[in-house]
Amino acid sequence: FTMGKKPRVLLMGSRRAGKTSIFKTVFHKMSPHETLFLESTTMITRYDVSNSSFFQFSIWDFPCATEAEPAASDMESMLKGAAAIVYVVDAQDDLSESMPQLAKLVLKVQKHNPKILVHVFVHKHDGLSEDDKQEVYRSVSERLRSELQDESSSDFGVAYHLTSIYDYTVFEAVSRVVQNLVPHLSHLEGLLDALISKSRLDKAFLFDVVSKVYIATDSTPFDPQTYEVCSDMMDVVIDVSCIYGAGDDGDGQAYDTNSASVMRLTNGNVLFLREVSKYLALVCMMRQETADSLGLVNHNVDLFKSALKQLFEE
């Protein structure tokens, strides 16, 4: 395998944990039900994600370590060149096999590339009750710490996520992974902080239109429902634009520089979407009194777009 210059994400996990399903659902728009027919991964497979000039990376999908593991020298080289690692654990399966494998991987990462994060996806939580979800989540983190303590190590550098391809949790978790690959992330977050401050917005997300992954958000905390409703809005706008946006003669694009939308929710909040580049959309949540001054919001978004363009031209 040639390593290439794109940031590399290593996708690993236990057998039939759902690694490839996650990738196909997020980046190839495969429906969750279609993923049931995917074959198990039997060899290292590389996928390239190139949605825009700064949303470019490769995903290396590994087979289960117990079935096929690269030679030690190859694995060391792959870990040294990785930008992030995702390890998928089946929340509905026995952890006795996956936890030692995960601990072994974390120790290798700490040795060869300690600066990167290992993202543990506690996957397929959709079939569990709320109590069981939290119990499995806690069990995964506690068992990994126990395995690592036996080796005089810790789970520093490990992030845990509850995920399912049947809801928004997998998109949010992948967003957390991708944000570590985005150049100038701190500057992007600073621009979004300035935007919500000057425009009196409650929340702002910068979405990749193709995948629904948000590559940046402002620093204010948010709950999962906020992300879900903003993501839903983008879906609605893109779907409606695909039907009605091309024009009677079929010319034009469904998503272009004129793409914008305002939606009022039953709870009094207002959602606002603006195109900021060919593959990026800004989705904001605001109160009604802010929506009454959309001229100011649009002006500040124009300034944000200009700053964004300058940032990625540097």
Side-chain angles (χ1 to χ4, degrees), residues 51-52 54-55 167-169 171-180 182-241 244-245 254-314:
N51 294 355
S52 66
F54 58 92
F55 192 78
D167 58 28
Y168 289 89
T169 52
F171 292 93
E172 186 171 358
V174 172
S175 296
R176 303 284 186 184
V177 177
V178 169
Q179 285 167 27
N180 293 321
V182 174
H184 311 300
L185 178 62
S186 60
H187 293 90
L188 266 178
E189 292 172 342
L191 289 174
L192 289 167
D193 280 340
L195 176 65
I196 68 166
S197 173
K198 299 296 184 182
S199 305
R200 301 194 308 256
L201 306 174
D202 290 342
K203 192 65 189 170
F205 293 94
L206 191 61
F207 278 99
D208 172 65
V209 174
V210 178
S211 66
K212 289 201 304 186
V213 166
Y214 69 91
I215 66 168
T217 184
D218 61 273
S219 59
T220 58
F222 66 96
D223 55 59
Q225 288 74 28
T226 301
Y227 166 73
E228 287 179 25
V229 73
C230 289
S231 181
D232 273 343
M233 183 201 192
M234 192 178 66
D235 266 349
V236 170
V237 172
I238 298 300
D239 288 347
V240 171
S241 297
Y244 300 107
Y255 183 78
D256 57 24
T257 55
N258 295 317
S259 293
S261 180
V262 177
M263 296 183 183
R264 287 170 172 80
L265 306 179
T266 54
N267 63 3
N269 287 331
V270 176
L271 294 176
F272 173 73
L273 179 146
R274 273 279 305 271
E275 178 267 1
V276 294
S277 79
K278 186 176 181 181
Y279 296 104
L280 292 179
L282 178 71
V283 182
C284 307
M285 181 175 284
M286 65 186 78
R287 298 190 178 115
Q288 182 59 54
E289 52 265 33
T290 302
D292 292 336
S293 305
L294 269 185
L296 173 64
V297 177
N298 275 307
H299 173 71
N300 287 335
V301 172
D302 287 337
L303 295 177
F304 173 81
K305 288 177 64 173
S306 298
L308 195 67
K309 184 178 180 182
Q310 292 175 15
L311 181 63
F312 290 104
E313 284 178 349
E314 291 178 356

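This is a predicted model, so every value here is computed, not measured.
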**Message:** Using side chain to side chain contact (heavy atoms under 4.5 Å, CB included), reason through S293 and R200 one step at a time and then give a plain yes or no.
**Reply:** CA-CA 10 Å; S293 305; R200 301 194 308 256; 4.2 Å; yes
**Study point:** Sidechain-backbone polar pair: K203 side chain, I196 backbone, donor-acceptor under 3.5 Å
**Key:**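 Flag not set: sc K203 to bb I196 has no pair under 3.5 Å.
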Show the nearest heavy-atom pair for residues [X] and [Y], with the distance to one decimal.
| X | Y | answer |
| --- | --- | --- |
| M285 | V229 | CE-CG1, 3.5 Å |
| S261 | M233 | O-CE, 3.4 Å |
| T217 | A204 | OG1-O, 2.8 Å |
| V301 | L195 | N-CD1, 4.0 Å |
| V276 | L308 | CG2-CD2, 4.1 Å |
| D193 | S219 | OD1-N, 2.9 Å |

Say you draw a straight line from [atom1] of [X] to [atom2] of [Y]; how long is it, rounded to the nearest 0.5 Å?
| X | Y | atom1 | atom2 | answer |
| --- | --- | --- | --- | --- |
| R274 | N258 | CZ | CG | 9.5 Å |
| N180 | L185 | CG | CG | 7.5 Å |
| R264 | F272 | CZ | CZ | 11.5 Å |
| L273 | M263 | CG | CE | 8.0 Å |
| L201 | T290 | CG | OG1 | 6.5 Å |
| L206 | L191 | CG | CG | 9.5 Å |

Which label fits F205 and F207: parallel for a plane angle under 30°, tilted from 30 to 60°, or perpendicular past 60°?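 Rings of F205 and F207: tilted, as their planes differ by 30° to 60°.
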Residues K309, K305; criterion side chain to side chain contact (heavy atoms under 4.5 Å, CB included); working and verdict: CA-CA 6 Å; K309 184 178 180 182; K305 288 177 64 173; over 6 Å; no
Worked check of side chain to side chain contact (heavy atoms under 4.5 Å, CB included) between V177 and V213: CA-CA 10 Å; V177 177; V213 166; over 6 Å; no
| With a 4.5 Å heavy-atom cut-off, do N269 and R287 have their side chains touching? | yes
query = Would a 4.5 Å heavy-atom cut-off, applied to side chains only, mark R176 and Y214 as touching?
reply = yes
I would like to know whether F222 and D202 meet side chain to side chain contact (heavy atoms under 4.5 Å, CB included); could you show each step before the answer? CA-CA 9 Å; F222 66 96; D202 290 342; over 6 Å; no
Within 45 degrees of the ring normal and closer than 6.0 Å to the centroid, is that where the cationic atom of K212 sits relative to F171?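 Yes, cation above the ring, under 6.0 Å and within 45°.
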